[in-house]
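Order of the sequence lines sets the chain letters (A, B, ...), proteins ahead of strands, with each chain counted from 1.
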2 protein chains.
Amino acid sequence: MANPLAEPLNPLVHEPAPLRNKIMNSLRRAIETGALEPGTRLVEKDLCEKLNVSRTSLREALRQLQAEGILTDLNNRGLTVTTVTRSDAENIYRIRSVLEPLIVEQFVENAPDDEVQALKAHSEVLKKAYLGGNAEEIVASKRDFYDRICTGARNPIAFDLLKKLTLLTSPLRRRSVVRKDRQSQSIIEIEAIVSAILKRDKAAAKAAAEKHVSNSAISALRPSEGDAKASR
Amino acid sequence: MANPLAEPLNPLVHEPAPLRNKIMNSLRRAIETGALEPGTRLVEKDLCEKLNVSRTSLREALRQLQAEGILTDLNNRGLTVTTVTRSDAENIYRIRSVLEPLIVEQFVENAPDDEVQALKAHSEVLKKAYLGGNAEEIVASKRDFYDRICTGARNPIAFDLLKKLTLLTSPLRRRSVVRKDRQSQSIIEIEAIVSAILKRDKAAAKAAAEKHVSNSAISALRPSEGDAKASR
DNA sequence: ATCACACGCTTGTCATACAAACAAACTCGC
DNA sequence: GCGAGTTTGTTTGTATGACAAGCGTGTGAT
């Protein structure tokens, strides 16, 4: 049998990749990695020079990111990287704690056996990444894991929402991933999800998914520092 | 006692309302009311002339609506009003059926008594609107009802998501609102939600909210016409 | 020290221009 | 008549330059 991890040779969409998309990806990446911290002011002219693009394209990209909630509009004084307050973060985790169980449920309903097998195989890779301890690798592997579940669930809309929500809390998550205790706990939780999925046990899978989000929330929100000014 | 329906004299935010926001509202409204049907191609030059704005501002508004999912990008051939496939609609209702119970739960947790009373009072207005049968009035009143719940829940992020999701299915909902049988059913379901909220009974309120979404879904998806081409 | 004013920086909006992608019409050879 | 290739027109993508308006800050006068 072929390696179930192998991608089915993606059709290679000949994406013309408009400039604004590249800009968006670049900025998203910067926020995700922490190169742009929450609260940073984004000055159009500076960004144009740094990215070497025209103001037109840049502004279109900014508008799109703004609509995604990643950037916040100060009234007439430009954009900043959205600062997620504690209350925002709690709300985001609360939303995730109903959305992710839904996705897992739909995965059980809709994913064909080969995707289930591939997920199982990938969960082993993820586990190894956790044990390896390389943060980069963990994050990448976990994202891949999520992608598989969301794709298998056949609910692209929820997938989209989740991507945006998790991006908003990426500053929090970055701190939480490096915690050793959280890592070993994550492994257990994920294995619970996978094993329930293998049995096609919807209720158990949902419960495991919810537990996983709840615990992530606890870990991410633990520091309990006073929350900053309002968000939007 | 003062009329609990009275608004507390909103602070009247001096919104400079950038042109692009007006454009967005205008387009959103057009889609919501059906003036722009799903699948309609949006040609920049035409819109500029109709709205009497420059291409720059228009394009920024379009990008923002695109990020919200209301507009879909054909590769290099412009934007269309997003066509929601049957599968998309099912997924949207499925998401709503977990999000709305969450919101209702948070309303029970967080809304102060006066907001609960105001909600109760408004539910009577909504009921009258249903009995009156004027579609415009029903929609407006129902939106107001939802706004109160979402605001009271203190979860602006979920509020935002719900607004976007419901806008996507507005073509479906428009057809469903006029159904007499659905209307009387709606009244009952909403009263169930309100009465559970009054008792501050989280579990019952959640259950009632979920039931309401499920039934809305059944009604909206009933026609069961073959779904069109892919969405995005 | 305070108030008012002026200046600079930044965003909001517009007009214009040109390249590139795409679709449709059109032409020419068979 | 018909198909292949070419031309043409429409539409989007990107860049540039310009100017008004909003906001913050510094300066100067009192």
Side-chain angles (χ1 to χ4, degrees), chain A residues 11-28 30 36-83 229-230 232, chain B residues 11-28 30 36-83 229-230 232:
Chain A
L12 186 59
V13 261
H14 174 28
E15 241 175 321
L19 194 47
R20 60 171 176 276
N21 286 354
K22 294 185 196 165
I23 297 175
M24 283 178 33
N25 287 336
S26 175
L27 290 176
R28 255 198 287 253
L36 284 176
E37 285 183 25
T40 309
R41 262 194 78 186
L42 299 180
V43 177
E44 296 177 0
K45 197 149 101 34
D46 295 358
L47 289 179
C48 287
E49 286 165 8
K50 272 179 213 160
L51 297 172
N52 196 35
V53 296
S54 74
R55 216 166 57 115
T56 316
S57 298
L58 176 76
R59 281 176 62 97
E60 289 189 17
L62 292 181
R63 293 281 94 80
Q64 215 148 336
L65 294 176
Q66 181 187 341
E68 290 181 14
I70 302 170
L71 302 182
T72 300
D73 187 42
L74 316 184
N75 256 349
N76 272 310
R77 314 191 285 99
L79 298 168
T80 66
V81 178
T82 300
T83 299
K229 45 247 127 152
R232 37 168 158 174
Chain B
L12 185 61
V13 258
H14 174 30
E15 241 175 321
L19 192 48
R20 61 170 177 276
N21 286 352
K22 296 184 194 165
I23 298 175
M24 283 178 33
N25 288 334
S26 175
L27 290 176
R28 256 197 288 251
L36 283 177
E37 285 182 24
T40 309
R41 258 194 80 189
L42 298 179
V43 177
E44 296 177 1
K45 198 148 103 28
D46 294 358
L47 289 179
C48 287
E49 285 164 10
K50 272 180 213 160
L51 297 173
N52 195 35
V53 296
S54 74
R55 229 180 120 205
T56 315
S57 298
L58 177 76
R59 280 176 63 98
E60 289 188 17
L62 293 181
R63 292 281 95 77
Q64 216 148 335
L65 294 176
Q66 180 187 342
E68 290 181 13
I70 302 169
L71 302 182
T72 300
D73 187 43
L74 317 184
N75 255 348
N76 272 309
R77 313 195 281 101
L79 298 167
T80 66
V81 178
T82 301
T83 299
K229 42 250 122 109
R232 37 169 160 171

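Legend: residues meeting side chain to side chain contact (heavy atoms under 4.5 Å, CB included) with B/Asn25, ordered by chain and number and at least two apart, are B/Arg28. Applying the salt bridge (Lys or Arg N to Asp or Glu O under 4.0 Å) criterion to A/Glu44, with sequence neighbours excluded, gives A/Arg55, A/Arg59. In this structure, the side chain to side chain donor-acceptor pair (under 3.5 Å) partners of B/Arg63, at least two apart in sequence or on a different chain, are A/Glu60, B/Gln66.
Against DNA chain C, the stretch residues 47-56 of chain A makes heavy-atom approaches under 4.0 Å through A/Arg55.
Of the N and O atoms on the side chains of A/Thr80 and A/Thr72, not one donor lies less than 3.5 Å from an acceptor on the other residue.
Between the CZ atom of B/Arg20 and the P atom of C/dT11 there is a distance of 11 Å, given to the nearest Å. Summarising the geometry, the separation between CZ on B/Arg41 and C1' on C/dA21 is reported as 12 Å, rounded to the nearest angstrom. Rounded to an integer number of Å, the gap from CG of A/Leu74 to C1' of C/dT10 is 12 Å.
In the set C/dG12, C/dT10, C/dA23, the nucleotide with an atom closest to the side chain of A/Val43 is C/dT10.
Phosphate contact (OP1/OP2 of C/dG12, side-chain N/O of A/Arg59, threshold under 4.0 Å): present.
Summary for the helix from C/dA1-D/dT30 to C/dC30-D/dG1: the axes at its two ends, each from 5 pairs, differ by 20° when rounded to the nearest 10 degrees.
Nucleic acid contact class of B/Leu62 (heavy atoms, under 4.0 Å, all strands): none.
Along DNA chain D, the stretch of nucleotides lying under 4.0 Å from any heavy atom of chain A spans, 5' to 3', D/dG13 to D/dG24.
Between the side chain of B/Thr82 and the backbone N or O of B/Gly69 there is at least one donor-acceptor pair closer than 3.5 Å.
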